[in-house]
Structure formats: C-alpha cells, structure tokens
Number of protein chains: 2
Amino acid sequence: MEYEQLKLDNQLCFRLYTAARLTMGAYHPYLDPLGITYPQYLVLLVLWEQDKQPVNDIAHKLVLETNTVTPLLQRMEKAGLVKRTKGKEDTRQRIVSLTKKGIEMREQAKHIPECLSADIIKNEGSVEEISQMIPTLDKLIEGLKQTNN
Amino acid sequence: MEYEQLKLDNQLCFRLYTAARLTMGAYHPYLDPLGITYPQYLVLLVLWEQDKQPVNDIAHKLVLETNTVTPLLQRMEKAGLVKRTKGKEDTRQRIVSLTKKGIEMREQAKHIPECLSADIIKNEGSVEEISQMIPTLDKLIEGLKQTNN
DNA sequence: CAAATTTATATCGTTCACGATGCAAAAGTA
DNA sequence: TACTTTTGCATCGTGAACGATATAAATTTG
C-alpha cells in the first residue's frame with residue numbers, strides 16, 4: 001500500500017491534537033462557573049506558583065509566543081483577574097500580578113485537578129496507564145522545541 | 001502542600017496541549033510549500049482515504065463540530081482543493097469531493113509522515129516509546145468523547 | 001558617547017475551535 | 001395529509017494561536 005502512511009489511523013499528531021481538544025473540553029464544567037478559559041487557567045496556574053512575572057516568563061513557561069499571551073493577559077486584565085504594570089528596572093517589561101479576585105480564585109480552583117482525574121477514571125479506567133505517558137510527552141515536547149527552531 | 005495539584009508540572013492536559021501544538025508546528029515545513037494548514041491536511045487525509053463524503057462524516061472522523069469544518073471546507077474550496085455539491089438523495093447534505101489539485105496533492109504529501117518521524121527521532125530518540133502512547137491516547141480519546149456529552 | 005543591534009511587548013491579519021442560533025429539508029407522528 | 005421533531009449545514013461572535021511587523025527601551029559595538 002503506497003499511501004498506507006497517509007491513513008488517519010496511523011497519525012500520532014492527530015491523536016495528540018484530538019486528545020488535547022477533548023481534555024480541554026473536559027475542563028469546561030469546572031472553568032465555566034469561574035468565567036475563565038483553559039489558557040487563562042494555565043496563566044493563573046503560573047501566577048499562583050509565583051506572582052508578579054513579566055510577560056516573557058509566563059509565555060516561556062506555557063511554551064507560547066508573547067503575541068498569544070499578550071492579548072490573553074489583556075482579556076484577563078479586563079476580567080479583573082490580573083494587573084499589568086510597567087517594570088521598574090526594565091521599563092520595557094510588563095509585570096503581571098494577581099488581583100484580589102485572581103488570588104481568591106485559587107481556592108475555588110483547588111479541586112479541579114482531582115475532579116478531572118475522577119472524570120477521566122470514570123470513562124477510561126486507568127490513571128496509571130495515562131500517567132505513564134507523562135515522561136514520554138515531556139521528552140517529545142523537549143525534542144519538538146528543538147525541531148521548531 | 002495544599003495547592004500541590006495546581007502546579008503546572010502535574011498537569012497532563014497541559015502536556016497534551018503543548019505536544020499537540022508543537023507537533024503541528026513540526027508539520028509547517030512540509031505543509032507550507034503545499035499551501036495548506038494542518039487541519040486542512042487532516043481533511044485531505046480523510047478524503048484521500050475515501051472521496052465524496054458529506055460534511056458530517058468528515059467532521060465525525062476528525063472529532064470536530066460541523067461549525068468548525070464548514071468554514072474549513074469553504075477555505076479549501078476557495079483554494080481549489082475540494083468541491084462542495086448538493087447531495088442527491090438528501091439535499092440537505094453537502095458532498096465534499098477532491099478536485100484534480102486535491103487528488104494530485106496526495107503524491108506531494110506522500111512522504112510527510114516519514115519526514116515527521118525522522119524529525120521526531122532526530123531530537124527525541126525513541127519512536128517505540130512514542131508509539132506506545134497510541135493505544136493509551138485512543139482509550140483516553142474514547143473516554144473523553146463520553147465525558148464531553 | 002553615538003550608532004547598530006537586540007530585547008520585551010504590542011498590533012494586525014488569518015485560521016482554527018466552538019457555543020449559540022438559524023434555516024430548510026427530511027423523518028416521524030397524529 | 002398537516003404538524004412536530006430531528007437532522008445537516010451555515011452563520012455569528014469570542015477566544016485562542018501564530019507569522020509578520022512595529023515600537024520603544026536596553027544593550028552592544030565602534
């Protein structure tokens with residue numbers, strides 16, 4: 001079969017792409033009540049670990065371009081979740097910090113990871129098997145960071 | 001640590017999301033010369049397997065909503081890759097078929113899967129390890145299809 | 001120190017992704 | 001057959017992603 005490789009079933013990327021979209025979809029029931037999207041949730045995760053970071057650091061941790069993160073942060077500022085202030089030493093930088101609302105949302109989001117785990121277990125079964133993918137995904141991601149340069 | 005679970009490193013979804021984006025990025029060098037995007041490439045994969053399918057079938061195979069696929073197909077029609085004709089038995093349907101250009105692109109795309117494998121091997125190492133994720137991803141995807149209903 | 005380069009962020013245009021809604025055709029029902 | 005419901009697709013609005021480009025500040029270089 002000359003075109004065997006072009007069959008959809010043989011495509012790893014298609015599976016990653018689909019799994020990522022569906023997983024994001026599984027966050028919807030928990031993020032909608034908070035009024036945030038999944039990428040916004042990721043930004044909050046970063047800021048909850050360490051508040052007051054420049055745009056670049058956030059983008060780097062999320063493996064996103066700043067031209068994706070900037071509008072994301074602007075929407076989050078509009079929603080009252082973060083503040084963006086000019087950097088003191090380097091005035092080119094925009095330091096992103098959590099507002100009271102952003103800080104308080106951490107408490108409301110506390111149980112989201114376990115809720116998601118429960119949802120996945122319910123319909124899929126094995127958390128162990130899924131967890132085994134993590135080191136492989138990390139290697140793949142590190143390799144692809146090189147490829148995409 | 002009360003908020004341990006909220007650390008980014010513990011998030012499976014973030015890895016899927018990042019791996020999917022970076023893998024799509026790895027297709028760029030091969031899809032750009034053909035003038036198509038990754039989702040458009042997926043549509044072509046589906047049509048190369050079987051030509052002349054209604055919008056619904058394509059959307060279902062790609063696990064996408066029709067309101068994502070319809071504009072995608074409209075752009076592909078504009079680019080001269082597919083034709084969209086009214087269904088004969090069911091006139092609500094739009095049957096999507098490949099144009100000459102769409103058919104011929106299969107030949108040009110023939111080596112993309114092996115090129116991508118090569119790229120991944122180069123910077124990551126083990127195709128075996130990555131291939132092992134496939135059955136797990138399939139189970140995850142099937143489970144999430146249930147969850148997201 | 002002045003000029004060239006790099007860096008941090010922002011803006012713009014295009015393409016997804018998807019919830020909500022609309023609409024006409026088909027199918028089911030009274 | 002008339003009415004209701006379902007189905008297949010399209011449209012609209014919003015929020016990502018990201019390449020290309022812009023701009024100002026910092027850094028490097030001559």
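Below, each value reflects all heavy atoms present in this structure, side chains not excepted, and no hydrogens, waters or symmetry copies. Reminder, nothing fancy here: chain letters follow the sequence lines and each chain counts from 1.
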Got a list of protein N/O to nucleotides 22-25 of chain D N/O distances below 3.5 Å?
unit_1  : atom_1 : unit_2 : atom_2 : d
dA25(D) : O3'    : T91(A) : OG1    : 2.9
dA25(D) : N3     : R92(A) : NH1    : 3.3

>> On DNA chain C, compare the nucleotides closest to Y38(B) and Q93(A); which residue's is nearer the 5' end?
In response: Q93(A)
>> In this structure, how many angstroms lie between the C1' atom of dG19(D) and the CZ atom of R21(B), rounded?
In response: 14 Å
> When you measure from the side chain of T66(B), which nucleotide among dC9(D), dA17(D), dC16(C) comes out closest?
Replying inline: dC9(D)
>> If you assign each of P39(A) and L73(B) to its closest nucleotide in DNA chain D, which residue comes earlier from the 5' end?
In response: L73(B)
> CD of E77(A) versus C1' of dT9(C): gap in Å, rounded?
Replying inline: 14 Å
>> Once rounded to the nearest 0.5 Å, what's the spacing between atom OG1 of T23(A) and atom OH of Y17(B)?
In response: 12.5 Å
> Linking I/L/V/M/F/W/Y whenever any side-chain heavy atoms sit under 4.5 Å apart, do V69(B) and I95(B) land together?
Replying inline: no
>> Reading DNA chain C from 5' onward, which residue's closest nucleotide shows up sooner: N67(A) or R75(B)?
In response: N67(A)
> Can you tell me how far P of dG19(D) sits from CG of L31(B), to the nearest Å?
Replying inline: 13 Å
>> If the threshold is 4.0 Å, N to carboxylate O, is there a salt bridge linking K101(B) and E104(B)?
In response: no
>> Starting the side chain at C-beta, find the nucleotide from dC9(D), dC18(C), dT9(C) nearest to V55(B).
In response: dC9(D)
>> I want to verify a distance call: between dT9(C), dA10(D), dT11(C), whose nearest atom is closest to the Q74(A) side chain?
In response: dT11(C)
>> Nearest whole Å is fine: how far is dA16(D) P from Y17(A) OH?
In response: 17 Å
>> Strictly below 4.0 Å: does T70(A) bring a side-chain N or O up to OP1 or OP2 of dA10(C)?
In response: yes
> Which part of the nucleic acid, if any, lies within reach of T37(A) when heavy atoms closer than 4.0 Å are counted: base, sugar-phosphate only, or nothing?
Replying inline: sugar-phosphate
> Taking atom types as modelled and ignoring hydrogens, do the side chains of Y27(A) and D119(A) form a donor-acceptor contact shorter than 3.5 angstrom?
Replying inline: no
> Within this structure, what is the CD-to-P distance between Q40(A) and dG15(D), rounded to whole angstrom?
Replying inline: 8 Å
> Are Y38(A) and L44(A) grouped together when hydrophobic residues (ILVMFWY) are joined by side-chain heavy atoms under 4.5 angstrom apart?
Replying inline: yes
>> Taking salt bridge (charged side-chain N to carboxylate O under 4.0 Å, His left out) as the cut-off, I'd like each qualifying pair that reaches into residues 22-48 of chain A, sequence neighbours left out, listed once.
In response: none
> At under 4.0 Å between heavy atoms, what does N56(B) touch on the DNA or RNA strands: base, sugar-phosphate, or nothing?
Replying inline: sugar-phosphate
Name every donor-acceptor pair, under 3.5 Å, that has one atom in a side chain of residues 130-142 of chain A and the other anywhere in the protein, sequence neighbours excluded.
unit_1  : atom_1 : unit_2  : atom_2 : d
S131(A) : OG     : V127(A) : O      : 2.8
T136(A) : OG1    : E129(B) : OE2    : 3.0
D138(A) : OD1    : R15(B)  : NE     : 2.7
D138(A) : OD2    : R15(B)  : NE     : 3.3
D138(A) : OD2    : R15(B)  : NH2    : 3.2
K139(A) : NZ     : E129(B) : OE1    : 2.8
K139(A) : NZ     : E129(B) : OE2    : 2.9
E142(A) : OE2    : K145(A) : NZ     : 3.0

> Whole Å only: how far is the CG atom of L72(B) from the P atom of dT11(D)?
Replying inline: 14 Å
> Does a nitrogen or oxygen in the side chain of R94(A) sit under 4.0 Å from OP1 or OP2 of dA10(C)?
Replying inline: yes
>> Is a donor from one side chain sitting under 3.5 angstrom from an acceptor on the other, for K61(B) and Q53(B)?
In response: yes
> Nearest-Å distance, CG (L64(A)) to P (dC16(C))?
Replying inline: 19 Å
> What is the distance, rounded to the nearest whole Å, between atom CE of M24(B) and atom C1' of dC18(D)?
Replying inline: 10 Å
